[in-house]
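Within every chain, numbering begins at 1; the chains are lettered A, B, ... in the order of the sequence lines, protein sequences first and strands thereafter.
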There are 2 protein chains.
Amino acid sequence: MTVSGLRERKKQRTRDALLRVALELFTTQGYERTTVDEIADAVEVSQRTFFRYFSSKEEAAFAVQQMVEERFVRALAERPAEEGPLDAMRNAVLASWDTIGEAIMEVVPVEQYLRTFQMIESTPALLAVHLRRSTEMEEALARLIAEREGLDVDEDPRPRIAVAAFSGVMRVTGQLWGRGTDPTLEAIRELTERYLDHLAPALEPDWRN
Amino acid sequence: MTVSGLRERKKQRTRDALLRVALELFTTQGYERTTVDEIADAVEVSQRTFFRYFSSKEEAAFAVQQMVEERFVRALAERPAEEGPLDAMRNAVLASWDTIGEAIMEVVPVEQYLRTFQMIESTPALLAVHLRRSTEMEEALARLIAEREGLDVDEDPRPRIAVAAFSGVMRVTGQLWGRGTDPTLEAIRELTERYLDHLAPALEPDWRN
DNA sequence: TGTCAATTGTCAGTCGCTGACACTAGCCTC
DNA sequence: GAGGCTAGTGTCAGCGACTGACAATTGACA
């Protein structure tokens, strides 16, 4: 994590500064109204340097989300084998939210992450990228699930289907939370549990029980 | 549909020409390697004119997809009320594929549409936009389903959940088809049916039956 | 201390996209 | 059927994201 050498530390500081300033400006002025020049100027580096740390303006917006997602995937991998696929995924999300602080606090406060997430959900260009990134993660999830169950993802469609259904629900809750009025971890946690509870019943042919 | 007046007809011809050339270039050279100038030059109009017909380069890529999606939504609205939510959606997709030709033939051949779809699926920037557009359609679907069942989308989570799960599966099949080697309507149709059949079983806690 | 290599800045250029303004060509009226 | 109106187009200038090339700087390490 921490690296010796003045050079390495300087790089780390520049990257952190760029990221913090970027998220700050994105969440206060809006993503589109913030130019890369503005970010670079605030950190007193050239625009070119910004693009050496982040391959695009978008990448900066997703830097924290990236860490959170990696954490979720790891949490799933560590779930006990007895749990069914859906339970394992459910418990993995909830678990990774419980410890979200540890993962990102060193870079930005949790509050900033929540605001960034809402910005992503409410900025069309970023929402689009977010959804595509999610499908990439889903591929990884499907492979993990298949492995747990001793299946081949390309033979048995169930891993991908289960992940797709699960992720669909997660996406809906993410959007509802983003549009909602309670931007807290508890709120999205509760929303997620409630919606996941309804997944199986919602697929029944007759909803009038 | 058809409008009198030389002016209107001229406009229609210009738009059609731009769209056809754009899709042709996109699918042969690739989306990113095609510049708007190139398209405009081929049709012998200025770049500015291109942007008067399509608000962005992306919009041209999705013009046909747009028609297909509208058709699917309409097909769902026309499904008999007896069908359960999932059956209604399933039958609506299959039905709208059966008549896809009628919807777009006037603009481009069906083959071109299939190639365009594959290009969208395999171009990251377009895939992202495609996914976002899909979520917009999902909102419309959820409202339709809720209406059919006499529910309020914001009260009962099941409409959104069912749509999310269904769409998740559709997305997976779309991707698999795009990566696959059989770019025909039959192929994606069969893939869709097979995957939808596995949706309910895939959510069972125990996959070893 | 001096050499080497990594980091950074500068500059020029591409591409998507927009606003402003002038010009051309259908359309409609008298 | 001439002339005015206006929708559609071209031209031009400019912004912002991004890239390649090259020169300048600054840690690292012998």
>> Closest approach to the side chain of Thr49(B), judged atom by atom: which nucleotide of dT19(D), dC17(C), dG10(D) is it?
In response: dG10(D)
So which protein nitrogen or oxygen atoms get under 3.5 Å of nucleotides 21-26 of chain D's nitrogens or oxygens?
{"unit_1": "dT26(D)", "atom_1": "O2", "unit_2": "Arg7(A)", "atom_2": "NH2", "d": "3.4"}

> Any Lys/Arg nitrogen of Arg160(B) or Glu138(B) sitting under 4.0 Å from an Asp/Glu carboxylate oxygen of the other?
Replying inline: no
>> Output the rounded distance in Å from CZ (Phe51(B)) to C1' (dG10(D)).
In response: 15 Å
> Using 30° and 60° as the class limits, which term best fits the ring planes of His130(B) and Phe62(B): parallel, tilted or perpendicular?
Replying inline: parallel
> What is the distance from CG of Asp41(B) to C1' of dC15(C), rounded to the nearest Å?
Replying inline: 14 Å
> Which of these passes ring-ring contact (aromatic ring centres under 6.0 Å, His included) with Trp177(A): Trp97(A), Phe117(A), Tyr195(A)?
Replying inline: Phe117(A)
>> Please classify the nucleic acid contact of Tyr53(A) as base, sugar-phosphate, or nothing, using heavy-atom distances under 4.0 Å.
In response: sugar-phosphate
> Would you say Lys11(B) reaches dG8(D)'s phosphate, i.e. side-chain N/O to OP1/OP2 under 4.0 Å?
Replying inline: yes
>> Distance check needed: dA17(D) P versus Leu126(A) CG, whole Å only.
In response: 12 Å
>> Under 4.0 Å, heavy atoms only, any strand: does Thr35(A) hit a base, just the sugar-phosphate, or nothing?
In response: sugar-phosphate
> When the distance from CD of Glu58(A) to P of dA17(D) is rounded to whole Å, what number comes out?
Replying inline: 11 Å
> Within this structure, what is the CD-to-C1' distance between Gln47(B) and dT9(D), rounded to whole angstrom?
Replying inline: 14 Å
> Is there a donor-acceptor contact under 3.5 Å linking the side chains of Thr184(A) and Asp182(A)?
Replying inline: yes
>> Within the 3.5 Å criterion, strictly below it, is a donor on Thr99(A) or Arg71(A) matched to an acceptor on the partner's side chain?
In response: yes
>> Output the rounded distance in Å from CD (Glu8(A)) to C1' (dA5(C)).
In response: 13 Å
>> Parallel, tilted or perpendicular: which one describes the rings of Phe72(A) and Phe166(A), with boundaries at 30° and 60°?
In response: parallel
> DNA chain C: Glu32(B) or Thr14(A), which has the more 5' nearest nucleotide?
Replying inline: Thr14(A)
> Quick one: Asp37(A) CG to dC18(D) P, roughly how many Å, whole number?
Replying inline: 12 Å
>> Less than 4.0 angstrom from a charged side-chain N to a carboxylate O is my criterion; do Glu83(B) and Arg90(B) meet it?
In response: no
>> Nearest whole Å is fine: how far is dC15(C) P from Arg33(B) CZ?
In response: 13 Å
